[in-house]
Amino acid sequence: MTAETGGNGRSSSAGNAVEKALRVLEAVSMPGAPHRLAEIAATAGVPKPSAHRILGTFADRGFVHSHGGGRYAPGPRLRAMAAQVAGDDDRGVDQVLTELQRQVGHTVHLALRAGDRAVYTHKVEADQPFRTSSRIGMWLPLHSTAIGKCVLAHLGAGEVDDVLGAAGQARRTPATITERDRLDTELAEVRRRGYAVDDEENEPSIRCVAAPLLDASGRPVGGVSVSGVAFLVGREQIESFAPEVRHAAQSLAALLL
């Protein structure tokens, strides 16, 4: 990851410091808190002394809570900020997702990117006897999920290198794409058609189709997906939901970005 450069060509320490602080805050917010200092530093890619200094500043201001023993969790100001943002957006977001679920009859998710992963922020469960194991706040890898592939497909090649270098391409199921050249081919296809498919690549017996959530400059911030149990929805059927998913993603972008 490169630092900002000024007119004299030297790195901007201010830009670098802000980037480090944001990565530390993301790491603290990962599921399973409280997290140990070493874990936070490793996840954020920040040296332990720098991470400790940043965490101290956040703790002093209420964005991080220190549990003692070098363990940290989101603090009250960070939680209040998250609730405030969610409260502003949830009504319209819920309407879009509920309408999408009504149209397709399967479970719908919204996930937003958080560093080299994405996190589920909303879920509308289908009225079916078979439930998906996903939950709000659960993180998902980018290389093996439909939403994740939507994100990767709209990043620059260098950014994809950074993400995969940090997160890897772990084999989640026998169908997971673990070879970089195959993944690159898949991402090119995602860009071409405007949606991605997870065909039991992240979780056995689960198929998903997703569309990217893009900001005004075309940067990916997350995605919306439809998920179904494989023995109830085939590959062709899950792909048939792509137009509705893409329309929902466009509606969500207008609400959130």
K.L.:
Can you find a pair of side-chain heavy atoms, one from Leu97 and one from Leu252, that are under 4.5 Å apart?
P.N.:
yes
K.L.:
Atom CZ in Arg193, atom CZ in Arg246: separation rounded to 0.5 Å?
P.N.:
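Atom-to-atom, Arg193:CZ and Arg246:CZ are 10.5 Å apart.
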K.L.:
Under 3.5 Å, is there a donor-acceptor pair between the Ser133 and Glu203 side chains?
P.N.:
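Indeed, the side chains of Ser133 and Glu203 share at least one donor-acceptor pair under 3.5 Å.
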K.L.:
For Arg172, which of Asn202, Thr178, Thr145 qualifies under side chain to side chain donor-acceptor pair (under 3.5 Å)?
P.N.:
Asn202
K.L.:
Pairing donors with acceptors under 3.5 angstrom, does anything connect the side chains of Ser144 and Glu201?
P.N.:
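No, because no side-chain N or O of Ser144 sits under 3.5 Å from a partner of the opposite role on Glu201.
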K.L.:
Taking Ala230's backbone N and O only, do any of them form a donor-acceptor pair with Arg207's side chain (distance below 3.5 Å, no angle check)?
P.N.:
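Looks like yes, one N/O pair under 3.5 Å.
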K.L.:
Mind running side-chain contact (heavy atoms from CB on, under 4.5 Å) on Thr132 and Glu125 for me, showing each step along the way?
P.N.:
CA-CA 8 Å; Thr132 59; Glu125 187 78 63; 3.7 Å; yes
K.L.:
Do Val151 and Leu140 land in one hydrophobic cluster if side-chain heavy atoms of ILVMFWY residues count as linked below 4.5 Å?
P.N.:
no
K.L.:
Is it the case that the side chain of Ser50 and the backbone of Val46 share a donor-acceptor pair, with hydrogens and angles ignored and the cut-off at 3.5 Å?
P.N.:
no
K.L.:
Check for a donor-acceptor pair, side chain of Arg113 on one end and backbone N or O of Gly115 on the other, with a separation under 3.5 Å.
P.N.:
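It does hold such a pair.
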K.L.:
Could you state the interatomic distance from CG (Asp116) to OG1 (Thr43), rounded to the nearest 0.5 Å?
P.N.:
8.0 Å
K.L.:
Decide salt bridge (charged side-chain N to carboxylate O under 4.0 Å, His left out) for Glu186 and Lys149; before the verdict, give the C-alpha distance in whole Å, the side-chain angles of both, and the deciding distance to 0.1 Å.
P.N.:
CA-CA 8 Å; Glu186 176 86 355; Lys149 287 189 281 187; 3.0 Å; yes
K.L.:
Contact between Pro34 and Tyr72 at the side-chain level, heavy atoms closer than 4.5 Å - yes or no?
P.N.:
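No, too far: nothing below the 4.5 Å cut-off.
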K.L.:
Looking at every non-hydrogen atom in both residues, tell me the closest pair between Gly194 and Pro212 and how far apart they are.
P.N.:
O-CD, 3.6 Å
K.L.:
Indicate whether any N or O donor in one side chain lies under 3.5 Å from an N or O acceptor in the other, for Arg171 and Thr176.
P.N.:
no
K.L.:
Counting C-beta onward and ignoring hydrogens, is there a side-chain heavy-atom pair between Leu155 and Val163 closer than 4.5 Å?
P.N.:
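Yes - at least one pair of side-chain heavy atoms lies under 4.5 Å apart.
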K.L.:
Rounded to the nearest 0.5 Å, what separates atom OG1 in Thr121 from atom CE in Met138?
P.N.:
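Here the interatomic distance stands at 14.0 Å.
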K.L.:
If I take atom CG from residue Asp199 and atom CZ from residue Arg235, how far apart are they, to the nearest 0.5 angstrom?
P.N.:
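CZ of Arg235 is found 5.0 Å from CG of Asp199.
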K.L.:
Whether Arg219 and Glu159 form a salt bridge (side-chain N of Lys/Arg under 4.0 Å from carboxylate O of Asp/Glu) is what I want to check.
P.N.:
yes
K.L.:
Taking CG in Asp181 as the centre, count heavy atoms belonging to other residues, nucleotides or ligands within less than 6.0 Å. Is the count above 12?
P.N.:
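For Asp181, atom CG is crowded (more than 12 foreign heavy atoms under 6.0 Å).
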K.L.:
Is Glu26 salt-bridged to Arg23, going by a charged N under 4.0 Å from an acidic O?
P.N.:
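Answer for the salt bridge query: no.
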K.L.:
Salt bridge check, Arg180 against Asp161: does any charged N sit closer than 4.0 Å to a carboxylate O?
P.N.:
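Answer for the salt bridge query: yes.
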K.L.:
Going only through I, L, V, M, F, W and Y residues with side-chain contacts under 4.5 Å, is there a path from Leu152 to Leu110?
P.N.:
no
K.L.:
I'd like to know if Val160 and Leu142 are part of one continuous hydrophobic network [Ile/Leu/Val/Met/Phe/Trp/Tyr, side-chain heavy atoms within less than 4.5 Å].
P.N.:
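Per the 4.5 Å side-chain linkage, Leu142 and Val160 are co-clustered.
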K.L.:
Do His143 side-chain atoms and Ala170 backbone N/O form a donor-acceptor pair below 3.5 Å?
P.N.:
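Present.
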K.L.:
Is the backbone N or O of Tyr120 less than 3.5 Å from a side-chain atom of His109, with the two atoms forming a donor-acceptor pair by type?
P.N.:
no
K.L.:
Locate the shortest heavy-atom distance separating Leu37 from Ala51; write the atom from each residue and the value.
P.N.:
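Residues Leu37 and Ala51, closest heavy atoms: CD1-CB, 3.9 Å.
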K.L.:
What closest approach, in Å, do Gly222 and Ile147 show between heavy atoms, and which atom pair accounts for it?
P.N.:
C-CG2, 4.3 Å
K.L.:
Give me the ring orientation class for Phe241 and His106: parallel if the planes are under 30° apart, tilted from 30 to 60°, perpendicular past 60°.
P.N.:
tilted
K.L.:
If you define the side chain from C-beta out and look only at heavy atoms, does anything of Met81 sit under 4.5 Å from Arg77?
P.N.:
no
K.L.:
Does one hydrophobic cluster hold both Val221 and Leu255, with members joined at side-chain heavy-atom distances below 4.5 Å?
P.N.:
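Val221 clusters together with Leu255.
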K.L.:
Any side-chain to backbone donor/acceptor pair from Thr173 onto Glu200? Under 3.5 Å, distance only.
P.N.:
yes
K.L.:
Roughly how far apart are Gln101 CD and Glu99 CD, rounded to 0.5 Å?
P.N.:
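Gln101 CD to Glu99 CD: 10.0 Å, rounded to 0.5 Å.
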K.L.:
Spell out, as yes or no, whether a donor-acceptor pair under 3.5 Å connects the side chain of Gln169 to the backbone of Ile177.
P.N.:
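At least one qualifying donor-acceptor pair exists.
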K.L.:
Within the structure provided, determine whether Leu112 and Leu213 are in side-chain contact (heavy-atom separation under 4.5 Å).
P.N.:
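Yes, side chains in contact.
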K.L.:
Can you tell me if Thr107 uses its side chain to pair, donor with acceptor, with the backbone of Ala126 under 3.5 Å?
P.N.:
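Yes; at least one donor-acceptor contact below 3.5 Å.
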K.L.:
Do Lys123 and Ser134 make a side-chain contact, defined as non-hydrogen atoms from C-beta onward lying under 4.5 Å apart?
P.N.:
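SC-SC contact between Lys123 and Ser134 confirmed.
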K.L.:
Closest approach of Cys208 and Ser227, non-hydrogen atoms and distance?
P.N.:
SG-OG, 3.0 Å
K.L.:
Quick one: does Val64's side chain get under 4.5 Å of Thr57's, heavy atoms only?
P.N.:
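Counting from C-beta outward, Val64 and Thr57 never come under 4.5 Å.
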K.L.:
Check whether any side-chain heavy atom of Tyr195 sits under 4.5 Å from a side-chain heavy atom of Val245, and report yes or no.
P.N.:
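No, their side chains stay 4.5 Å or more apart.
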K.L.:
Assigning hydrophobic clusters by single linkage (Ile, Leu, Val, Met, Phe, Trp, Tyr; side-chain heavy-atom cutoff under 4.5 Å), is Leu55 placed with Phe63?
P.N.:
yes
K.L.:
Please determine whether a side-chain nitrogen of the Lys or Arg among Glu39 and Arg36 lies less than 4.0 Å from a carboxylate oxygen of the Asp or Glu.
P.N.:
no
K.L.:
If you look at every heavy atom in Ser29 and Pro74, which pair is closest and at what distance?
P.N.:
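Reported closest heavy-atom pair: CA-CG, 4.1 Å.
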K.L.:
Which heavy atom in Ala33 sits nearest to a heavy atom in Ala73, and how many Å separate them?
P.N.:
CB-CB, 3.9 Å
K.L.:
Give a yes or no on whether Glu236 atom CD has more than 12 heavy-atom contacts from other residues, nucleotides or ligands under 6.0 Å away.
P.N.:
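12 or below, so no.
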